[in-house]
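Okay, here's the structure, questions in a sec.
Positions are given from 1, in the same order as the sequence printed here.
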Amino acid sequence: MADLVISRFTDTLDALLSQSDAGPIRHPIVDDFLESSWIRQHVRNVAERSVARIRGSTPDQASPEADNPAIMFRDGEEIIQNDSGQKRELFLRSGNAKSSYISIFDSPYLIVAIDNILVHELSVVGLASDDYYDPHKNVYLRFERRIEMQPGEVITRSNRALFFDVQPSDSAKYLVYVRDRKTGYRLVFDKSTMHLCATGGFDFPTAKSLLYLELLEEIGSDFIAEISLSYTDHPSPIVRWRALSALNKIGHANTKQILERLCSDEAAFVSKNARRILNEGANQW
């Protein structure tokens, strides 16, 4: 029964995400889900962990993002896969999680209010649609509007140039639902200035793949060519580019062929640099 409730709920959220950015809106299935055991259990877990921190029985983690903008604070999380194997992430966030940074999702997502929450809609200024992985100077966030949300209301975001920043509150809780989260960088902005301060947020598979390549290079492993070749098809453009770099360092025979393929890579910084390297090395190929 619980699986059916969450399945109906995520199917509804998928349908909402397939529409243009909108909100706040209401949907009866969303209301049903907010009355389900999933919400009650995760809210209970949040409260228990908060009490434990106050009593000192666990290390103080009240502000896990404060010193590391690459970390996203999650009180409760559920990983859902649909029939085609696509991963969806549903997690509960507490509105009193303080942070000095705003970390931007690349993938489509939506917010479901559990309590009354205030949301600021922000737009990313100075970032072209094709250079998300290659941010440049003078990129900043601009305030667009205030959105007051009541329990059960949903707001969607599929436009990567927009972002919803839920304002801190002692009681506010909300759900974030992310569909098809991409690997690689997120943009991180300083809340005090609203300007870009870093790119960060490697997901674990990306970080692990990069570390693996670094270790193979460091020890001079015979597997570096085989692993690097396989990584040129990795979902993360950061890993694809790093794998090409490894092949280029060892002078692998397939380097030119991979460069030519990466000239049409979906990530602008990969395709741009692949073309540059091909042009610079035109006499050696």
Side-chain angles (χ1 to χ4, degrees), residues 9-10 12-31 33-34 38-39 42-43 46 62-66 69 71-78 88-127 132 139-181 186-197 201:
F9 177 62
T10 54
T12 299
L13 299 187
D14 280 338
L16 292 174
L17 275 177
S18 298
Q19 303 169 11
S20 58
D21 295 335
I25 56 177
R26 296 194 72 94
H27 195 287
I29 291 180
V30 173
D31 290 328
F33 183 75
L34 293 186
W38 192 96
I39 292 291
H42 281 72
V43 170
V46 172
S63 181
E65 284 186 302
I71 294 176
M72 175 155 290
F73 176 53
R74 301 176 187 183
D75 278 323
E77 181 177 19
E78 188 91 7
R88 276 82 171 102
E89 297 172 83
L90 176 68
F91 52 92
L92 178 71
R93 295 201 71 183
S94 174
N96 63 359
K98 302 296 191 296
S99 172
S100 300
Y101 305 96
I102 298 175
S103 185
I104 304 293
F105 276 116
D106 186 19
S107 303
Y109 70 94
L110 55 75
I111 290 174
V112 182
I114 298 175
D115 296 324
N116 291 320
I117 60 174
L118 173 63
V119 180
H120 285 177
E121 181 182 278
L122 308 170
S123 61
V124 184
V125 179
L127 187 70
Y132 197 90
V139 178
Y140 61 94
L141 294 175
R142 179 175 61 203
F143 175 81
E144 297 293 342
R145 60 172 176 149
R146 291 165 47 102
I147 305 169
E148 295 183 358
M149 296 181 64
Q150 298 178 349
E153 290 187 327
V154 179
I155 190 165
T156 63
R157 178 274 204 179
S158 56
N159 181 354
R160 66 190 344 192
L162 293 177
F163 182 71
F164 299 133
D165 183 30
V166 179
Q167 299 304 291
S169 169
D170 289 338
S171 62
K173 292 183 176 63
Y174 56 99
L175 295 170
V176 178
Y177 180 71
V178 186
R179 183 177 67 188
D180 305 330
R181 188 198 294 227
R186 289 200 305 269
L187 302 182
V188 181
F189 295 83
D190 187 324
K191 274 190 176 180
S192 63
T193 65
M194 302 297 270
H195 278 258
L196 180 73
C197 62

Worksheet item: Taking side chain as C-beta onward, heavy atoms only, is Arg146 less than 4.5 Å from Leu118?
Response: yes

Practice prompt. Could you tell me whether the side chain of Val154 reaches within less than 4.5 Å of the side chain of His27, counting heavy atoms only?
Written response: no

Worksheet entry | Whether Gln150 side chain and Glu148 backbone form a donor-acceptor pair below 3.5 Å | no

Fill in: Closest non-hydrogen atom pair, Phe143 against Leu122
CA-CD2, 3.7 Å

Practice prompt. Report yes if some heavy atom in the side chain of Ile111 is under 4.5 Å from a heavy atom in the side chain of Leu175; otherwise report no.
Written response: no

Worksheet item: Does any non-hydrogen side-chain atom of Val124 lie less than 4.5 Å from one of Val139?
Response: yes

Worksheet entry | Pairing residues for Asp31 by the side-chain hydrogen bond (donor to acceptor under 3.5 Å, both in side chains) criterion, not counting sequence neighbours | Arg26

Response to the item:
NZ (Lys191) and CG (Leu141) are apart, to the nearest 0.5 Å, by 11.0 Å

Discussion item. If I take atom CD1 from residue Ile102 and atom NE2 from residue His120, how far apart are they, to the nearest 0.5 angstrom?
Written reply: 10.0 Å

Item to complete: To the nearest 0.5 angstrom, please state how far the CG atom of Asp165 sits from the CD atom of Gln167.
Response: 5.0 Å

Item to complete: Measure the spacing between CG of Leu110 and OG1 of Thr156 and express it to the nearest 0.5 Å.
Response: 6.5 Å

Worksheet, complete the sentence: Looking only at heavy atoms, the pair that brings Leu162 and Ser123 closest together is CD2-CB, 3.9 Å

Worksheet entry | Reported OH-to-CE distance for the pair Tyr140 and Met194, which is rounded to 0.5 angstrom | 11.0 Å

Worksheet item: Going by heavy atoms in the side chains, are Glu121 and Phe164 under 4.5 Å from each other?
Response: yes

Item to complete: Answer yes or no: is there a side-chain heavy-atom contact under 4.5 Å between Asp190 and Leu196?
Response: no

Worksheet item: Looking at side-chain heavy atoms only, is the closest gap between Tyr177 and Thr10 below 4.5 Å?
Response: yes

Discussion item. What's the separation between atom CG in Leu34 and atom CD1 in Ile114, rounded to the nearest 0.5 Å?
Written reply: 6.0 Å

